[in-house]
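In what follows, chains carry the letters A, B, and so on, assigned in the order in which the sequence lines appear, proteins first and then strands, with residues in each chain numbered from 1.
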Protein chains: 2
Amino acid sequence: MTGKNLVGPEADALDLGAVFRALADEHRRSVLTQLAADRSDNERGCNSFDLPISKQTQTHHFRVLREAGLVDEIDYGNRKGIRLRRADIEKRFPGLLALLGAEPPGDTAPR
Amino acid sequence: MTGKNLVGPEADALDLGAVFRALADEHRRSVLTQLAADRSDNERGCNSFDLPISKQTQTHHFRVLREAGLVDEIDYGNRKGIRLRRADIEKRFPGLLALLGAEPPGDTAPR
DNA sequence: CTTCAGGTACGATTCAAGTCGTACCTGAAG
DNA sequence: CTTCAGGTACGACTTGAATCGTACCTGAAG
């Protein structure tokens with residue numbers, strides 16, 4: 001029941017370059033913007049983002065977000081949860097999430 | 001003597017995606033970090049950044065930074081000046097430059 | 001058990017981006 | 001004028017990233 005947390009970098013090890021690279025992609029930025037908009041920071045299903053891309057590509061994007069240290073992935077076997085690492089991000093890069101939150105929500109348009 | 005200012009996007013038209021894409025590159029981030037560190041915001045020569053890349057590639061990177069709206073380029077014909085658009089960036093993305101400024105300055109290492 | 005949806009692994013493809021070589025332009029200094 | 005350093009234009013190359021097809025795994029529900 002309690003899924004295992006997939007590994008990501010420590011809070012102090014977050015790299016600004018990796019973060020910018022992660023947020024350079026439209027779809028990943030959309031995911032993070034949606035996560036940042038929900039102040040409750042509840043765990044969220046990976047298929048709740050309506051991404052206009054295949055499952056395999058979504059797996060790829062979530063992995064990039066996790067390896068950049070922006071989200072936690074919780075593996076339940078046949079489904080997966082995702083949670084924003086808000087505290088770690090705010091500690092290392094204060095104000096970053098506010099930048100995403102200030103964006104117009106309708107920016108999920110495909111390139 | 002007075003060089004002409006090369007065109008870039010208006011302050012209100014700055015796109016977060018383009019900004020993140022611009023800052024995803026190590027060399028461009030190095031340039032912007034150095035610019036952000038100098039609070040005087042003086043115009044600066046394009047060859048004053050010690051980038052370990054060829055002239056043509058530097059031209060390319062400065063163009064990307066300008067088209068993202070992060071810097072102004074001033075063309076003098078046989079040399080070029082560059083200036084951080086601090087006010088515009090702060091207005092549109094408050095706190096962004098602070099993130100760069102907080103980075104360790106020795107992050108100019110080539111990949 | 002079987003079925004099924006969510007997710008992953010691996011490989012292939014496609015495309016954008018970083019890089020440089022060659023040639024050329026520009027203005028300043030001899 | 002010529003020379004020279006800084007910069008650009010264009011093309012070519014290379015690498016990385018995004019995407020998907022196929023096949024497979026996992027746990028829950030019949």
Side-chain angles (χ1 to χ4, degrees), chain A residues 1-8 15 17-32 43-68 70-83 107-111, chain B residues 1-8 15 17-32 43-68 70-83 107-111:
Chain A
M1 190 64 176
T2 41
K4 56 180 174 184
N5 215 312
L6 299 181
V7 293
D15 175 54
V19 168
F20 280 146
R21 274 190 296 274
L23 296 179
D25 181 87
E26 199 90 26
H27 300 129
R28 291 194 292 261
R29 201 166 58 252
S30 166
V31 168
L32 219 70
E43 184 180 323
R44 194 163 159 181
C46 276
N47 55 348
S48 67
F49 293 96
D50 285 346
L51 296 177
I53 49 181
S54 67
K55 297 191 301 177
Q56 312 94 292
T57 305
Q58 292 190 33
T59 296
H60 164 68
H61 285 312
F62 287 129
R63 167 192 283 262
V64 172
L65 286 175
R66 169 172 55 86
E67 291 180 343
L70 294 173
V71 303
D72 279 326
E73 287 184 295
I74 302 97
D75 184 13
Y76 296 100
N78 70 340
R79 69 194 162 87
K80 209 176 51 179
I82 192 175
R83 191 189 302 113
D107 260 6
T108 322
R111 53 170 169 173
Chain B
M1 193 61 178
T2 40
K4 56 180 171 182
N5 216 312
L6 299 181
V7 292
D15 175 55
V19 168
F20 280 146
R21 274 190 296 275
L23 296 180
D25 181 86
E26 199 89 25
H27 299 130
R28 290 194 293 260
R29 201 167 57 254
S30 166
V31 167
L32 219 71
E43 185 179 322
R44 194 163 158 180
C46 276
N47 55 348
S48 68
F49 292 96
D50 287 346
L51 297 177
I53 49 181
S54 68
K55 297 191 300 177
Q56 311 94 293
T57 306
Q58 294 189 31
T59 296
H60 165 66
H61 284 313
F62 288 128
R63 168 191 282 262
V64 172
L65 287 174
R66 169 171 57 85
E67 291 180 342
L70 295 173
V71 304
D72 280 325
E73 288 184 293
I74 303 96
D75 184 12
Y76 296 100
N78 69 340
R79 70 194 161 86
K80 209 175 51 178
I82 192 175
R83 192 189 301 114
D107 261 7
T108 322
R111 53 169 172 171

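- Between the CZ atom of A/Arg21 and the C1' atom of D/dG16 there is a distance of 11 Å, given to the nearest Å.
- In this structure, the side chains of A/Phe62 and A/Lys80 come closer than 4.5 Å at one or more pairs of heavy atoms.
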Legend entry - Per-nucleotide pairing state of DNA chain C [Watson-Crick or G-U, under 3.5 Å; [ ] pseudoknot-crossing; | other strand]: ||||||||||||||||||||||||||||||
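- Atom NE2 in B/His27 sits roughly 17 Å away from atom P in C/dA17 (whole-Å rounding).
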Legend entry - B/Asp15 and B/Arg21: CA distance, side-chain angles, deciding distance, side-chain contact (heavy atoms from CB on, under 4.5 Å) verdict: CA-CA 10 Å; B/Asp15 175 55; B/Arg21 274 190 296 275; 3.9 Å; yes
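- Considering only residues two or more places apart in sequence or on other chains, A/Arg66 meets the salt bridge (charged side-chain N to carboxylate O under 4.0 Å, His left out) condition with A/Glu73.
- Using a 4.0 Å heavy-atom criterion, one finds that A/Lys55 contacts the bases of the nucleic acid, with or without backbone contacts as well.
- Rounded to whole angstrom, the span from the CD atom of B/Gln56 across to the P atom of D/dC13 amounts to 16 Å.
- Residue A/Lys80 contributes atom NZ, which lies 13 Å from atom P of C/dG6 at whole-angstrom precision.
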Inset, instruction - Take B/Arg28 and B/Val71, measure what side-chain contact (heavy atoms from CB on, under 4.5 Å) needs, and give me the verdict at the end. - result: CA-CA 11 Å; B/Arg28 290 194 293 260; B/Val71 304; over 6 Å; no
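- For B/Gln58 and A/Val64, each mapped to the nucleotide of DNA chain D holding its nearest heavy atom, the one lying further toward the 5' end belongs to B/Gln58.
- Listed nucleotides: C/dT26, D/dG27, D/dC20. Nearest to the side chain of A/Ser54: D/dC20.
- At whole-Å resolution of the value, CG in A/Asp75 and P in C/dA5 are 20 Å apart.
- Considering only side-chain N and O atoms, A/Arg63 lies under 4.0 angstrom from the phosphate OP1 or OP2 of C/dA9.
- Residue-level contact check: A/Asp25 touches the backbone only, with heavy atoms under 4.0 Å from sugar-phosphate atoms and none from bases.
- With sequence neighbours left out, B/His61 forms a ring-ring contact (aromatic ring centres under 6.0 Å, His included) with B/His27.
- Listed nucleotides: C/dG18, C/dT8, D/dG27. Nearest to the side chain of A/Thr59: C/dT8.
- In this structure, B/His60 reaches the bases: a heavy-atom distance under 4.0 Å links it to at least one base atom across the strands shown.
- Between the CG atom of A/Leu51 and the C1' atom of D/dA18 there is a distance of 13 Å, given to the nearest Å.
- Atom pair A/Lys4:NZ and C/dT8:P shows a separation of 11 Å (rounding to whole Å applied).
- Between A/Ala18 and A/Ala68, the shortest heavy-atom contact is O-CB, 3.9 Å.
- Residues A/Val64 and A/Leu70 form no side-chain contact, since every pair of their non-hydrogen atoms from C-beta on lies 4.5 Å or further apart.
- Among the nucleotides C/dT19, D/dG6, C/dC20, the one closest to the side chain of B/His61 is C/dT19.
- For A/Asn78, whose side chain is taken as the heavy atoms from C-beta onward, the closest listed nucleotide among D/dT19, D/dA28, D/dG7 is D/dA28.
- Contact annotation: B/Arg79 side-chain N/O to C/dA28 OP1/OP2 distance is not under 4.0 Å.
- Counting only heavy atoms from C-beta on, A/Thr57 has its side chain closest to D/dT19 among D/dG7, D/dT19, C/dG21.
- Judged by distance alone, with hydrogens and angles left aside, the side-chain atoms of B/Arg29 form a donor-acceptor pair with the main-chain N or O of B/Leu23 at under 3.5 Å.
- Look at CD on B/Glu26: it is 16 Å from C1' on D/dT15, rounded to the nearest Å.
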